[in-house]
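Okay, structure first, notes after.
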Amino acid sequence: MKLSYTLSNQTNPYRNLALEEYLLWNVEKNECILYLWQNRHTVVIGINQNPWKECHVKELEQDNGFLARRMSGGGAVFHDLGNLNFTFLVREEDYDVSRQLDVIVRAVSKFGIHAEKSGRNDILTDGKKFSGNAFYNSRGHCYHHGTILVNVDMSNLSLYLNVSQAKLQSKGVDSVRSRVVNLEALAPEMTIESLQAALVEAFGEVYGGIPQPLPDERLNPDEVGEAEKKYASWDWRLGRRLPFTAEYSNRFVWGDLTLQFCVEGGVIQDAIAYSDGMDTNFIKAMGDALKEITFSSSEIQDRLLKLSENEPIDDTMLSDIINFVGKNNF
């Protein structure tokens, strides 16, 4: 396999996310690209999340921070220059999350840190999280990206992120800060630069090759610039705020779900679904699927079951949603 890597030379989240998307669509067959990047003073939310609920938007903007939305699922995260982001970009036939996570585990082991994969999207050391991961797959192109906390200002996690108590309780902790750790606390010699070098080295070791810098001619500045405009736009980042007349929320094993409905005369005029779940396409399609039907549990359930025929979804997740709708007895 061809191994390529590239390091972003700036810290604007909209530019970095644009470059990530460009690399996604332009990764070659039998190639894996490792992309390393940093965002300054940024909250990044998942594709189906409600920014107003997940983040203190006003406070972030007052402090000259950035609110960004990625294409993958998962929850909101805070980035500063004490955090290093990584992305593995491959074609579907070469996509191997376990192998990709092994690169991170091997890289931090070079600093004497024993790490282990936990569940689907966390990497822990001594029971504390230092890396959260998210995933995207479309048209045979995939990426897996995540954070690595080196010396993040932890006070900003609770300052800008509004993590639900249900989510914290499901993880058996009572605060955001109690369940994360900066790697610098375990390896004082670690820097962002030394970690970048260790990741590139581990990338080659895990994949059995010699990573090469991605040539500048592989990038199209105009296409990256157009993608950057999308990521910086109001519509992409903040979207619409639904003037809802009914809202229902629940926490499941796979993530949070909030359903909002605008109902007039017993008919759903508009709807939207928010979630930090990793299975994104079904959630994204729910809002449009529920428009212009009677506001009743049975009709909503029928429409969601029909939607699942065109938008594949994990059986457990679908069952949870159907049962949740039924229990609320709209």
Side-chain angles (χ1 to χ4, degrees), residues 32 34 36 43-49 54 70 72-79 82-90 95-137 142-152 154 157-158 161 163-187 190 195 198-199 202-203 205-207 251-257 275-280 283 314-317 320:
C32 183
L34 173 61
L36 301 176
V43 170
V44 185
I45 60 174
I47 185 65
N48 291 318
Q49 287 195 291
E54 303 298 332
R70 59 185 185 266
S72 61
V77 291
F78 176 75
H79 293 173
N83 170 70
L84 178 63
N85 300 300
F86 63 86
T87 310
F88 293 94
L89 305 109
V90 295
Y95 189 57
D96 187 339
V97 171
S98 180
R99 194 179 192 189
Q100 291 148 202
L101 289 172
D102 284 342
V103 173
I104 311 304
V105 171
R106 182 179 287 246
V108 301
S109 74
K110 296 177 182 294
F111 298 89
I113 296 172
H114 173 73
E116 56 188 15
K117 296 169 274 189
S118 174
R120 184 181 177 187
N121 64 326
D122 290 345
I123 309 178
L124 311 180
T125 179
D126 195 26
K128 290 198 171 186
K129 173 180 173 179
F130 68 86
S131 176
N133 296 247
F135 317 93
Y136 184 79
N137 183 340
C142 307
Y143 73 52
H144 155 211
H145 58 187
T147 58
I148 303 178
L149 307 182
V150 179
N151 59 349
V152 171
M154 296 293 188
L157 297 181
S158 53
L161 298 181
V163 182
S164 71
Q165 282 302 117
K167 185 172 184 177
L168 291 171
Q169 289 167 6
S170 74
K171 294 179 179 292
V173 294
D174 58 7
S175 75
V176 183
R177 294 171 64 181
S178 71
R179 56 183 287 261
V180 297
V181 64
N182 275 320
L183 294 183
E184 188 184 62
L186 307 175
M190 181 185 290
L195 180 57
L199 284 164
F203 182 38
E205 292 170 354
V206 171
Y207 279 82
R251 175 77 189 170
F252 302 97
V253 172
W254 45 265
D256 291 318
L257 176 67
S275 177
D276 62 355
M278 292 293 179
D279 196 339
T280 60
I283 298 294
D314 175 79
D315 289 343
T316 298
M317 187 173 174
D320 284 344

Let me confirm one number: the [atom1]-[atom2] distance from [X] to [Y], rounded to the nearest 0.5 Å.
| X | Y | atom1 | atom2 | result |
| --- | --- | --- | --- | --- |
| L36 | I148 | CG | CD1 | 7.5 Å |
| S131 | D122 | OG | CG | 7.5 Å |
| D279 | M317 | CG | CE | 5.0 Å |
| Q100 | C32 | CD | SG | 6.0 Å |
| S118 | L101 | OG | CG | 11.0 Å |
| F78 | M154 | CZ | CE | 11.0 Å |

| task | Assess whether side-chain contact (heavy atoms from CB on, under 4.5 Å) is satisfied between I113 and M190, documenting all intermediate values. | result | CA-CA 11 Å; I113 296 172; M190 181 185 290; 4.1 Å; yes
Side chain [X], main chain [Y], donor-acceptor under 3.5 Å:
| X | Y | value |
| --- | --- | --- |
| S275 | D256 | yes |
| N182 | V152 | yes |
| T147 | G132 | yes |
| T125 | H114 | yes |
| Q49 | A76 | yes |
| N48 | T280 | yes |

| L186 side chain near F111 side chain, heavy-atom distance below 4.5 Å | no
| said: Are the side chains of L34 and F88 in contact, using a 4.5 Å heavy-atom criterion? | reply: yes
| said: Under the criterion side-chain contact (heavy atoms from CB on, under 4.5 Å), I'd like the reasoning laid out for I104 against K117: C-alpha separation, chi angles, the key distance, then a yes or no. | reply: CA-CA 10 Å; I104 311 304; K117 296 169 274 189; over 6 Å; no
| query | Would you find more than 12 non-hydrogen atoms of other residues, nucleotides or ligands less than 6.0 Å from D314 atom CG? | reply | yes
| Residue among F135, Y136, Y95 satisfying ring pair (Phe, Tyr, Trp, His ring centres under 6.0 Å) with H144 | F135
Might you point out which heavy atoms bring [X] and [Y] nearest each other, and give the distance in Å?
| X | Y | result |
| --- | --- | --- |
| S72 | A134 | OG-CB, 3.4 Å |
| L124 | K129 | CD2-CA, 3.4 Å |
| M278 | G73 | SD-C, 4.1 Å |
| V181 | L149 | O-CB, 3.7 Å |
| V105 | V108 | O-CG2, 3.3 Å |

| query | Is there a side-chain contact (heavy atoms from CB on, under 4.5 Å) between V77 and R70 once you walk through the steps? | reply | CA-CA 11 Å; V77 291; R70 59 185 185 266; 4.2 Å; yes
| request: Just say parallel, tilted or perpendicular for the rings of H145 and Y143, cut-offs at 30° and 60°. | output: tilted
| request: Would you please name every residue forming a salt bridge (Lys or Arg N to Asp or Glu O under 4.0 Å) with E205, sequence neighbours left out? | output: R106, K110
| request: Any chance you could lay out the side-chain contact (heavy atoms from CB on, under 4.5 Å) test for F86 and N133, step after step, and finish with the verdict? | output: CA-CA 9 Å; F86 63 86; N133 296 247; 3.1 Å; yes
| Does one side chain, of D320 or W254, offer a donor that lies under 3.5 Å from an acceptor on the other? | yes
